[in-house]
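Nothing here was measured: the structure is a model prediction, and the numbers come from that model.
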Amino acid sequence: MKESEGIDDPATQRLDPPYQRIAAEFRARILAGDLRPGDRVPSIRQIAQRWGVAVATAIKVVAALRDEGLVEAKVGTGTVVRARSSRNERPAVPSRPRPAPPRAC
């Protein structure tokens, strides 16, 4: 690939699956602050209609954003932008060691 070619290059974008291109749009808007924590993202059906893709593709968009920790499902609200600090709330290791299971005699 030429040095001048990059992510924004139309030839490169055509190679990416549609769900990745759409997820990249949302990711950029979230990281730029256009979509803030608590803001709703379009529903699966809205994504499918707006971008002219299948519902299965729209599901992959939301799943990719969820897997990246950028959005979360809220009961009664829909999918919303996740607070950035909440991505790191869970400790990587338990705060207290778990007791060892009893030994068999």
List the atom pairs, donor and acceptor, that lie under 3.5 Å between side-chain atoms in residues 35-47 and the rest of the protein, sequence neighbours left out.
unit_1	atom_1	unit_2	atom_2	d
Asp39	OD2	Arg36	N	2.8
Arg40	NE	Thr77	O	3.0
Arg40	NH2	Thr77	O	3.4
Ser43	OG	Gln46	N	3.1
Ser43	OG	Gln46	OE1	3.4
Gln46	OE1	Ser43	N	2.8

Enumerate donor-acceptor pairs with a distance under 3.5 Å from any side-chain N or O in residues 49-64 to protein atoms, sequence neighbours excluded.
unit_1	atom_1	unit_2	atom_2	d
Trp51	NE1	Glu25	OE2	3.2

Legend entry - Test log, rule side chain to side chain contact (heavy atoms under 4.5 Å, CB included), inputs Lys74 and Val80: CA-CA 7 Å; Lys74 292 276 188 181; Val80 298; 3.5 Å; yes

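With rounding to the nearest 0.5 Å, the separation of CG in Leu31 from CZ in Phe26 is 13.0 Å. Rounding to the nearest 0.5 Å places CZ of Arg21 at 9.5 Å from CG of Leu15.
Between Glu68 and Arg27, at least one side-chain nitrogen of the basic residue sits less than 4.0 Å from a carboxylate oxygen of the acidic one, meeting the salt-bridge criterion.
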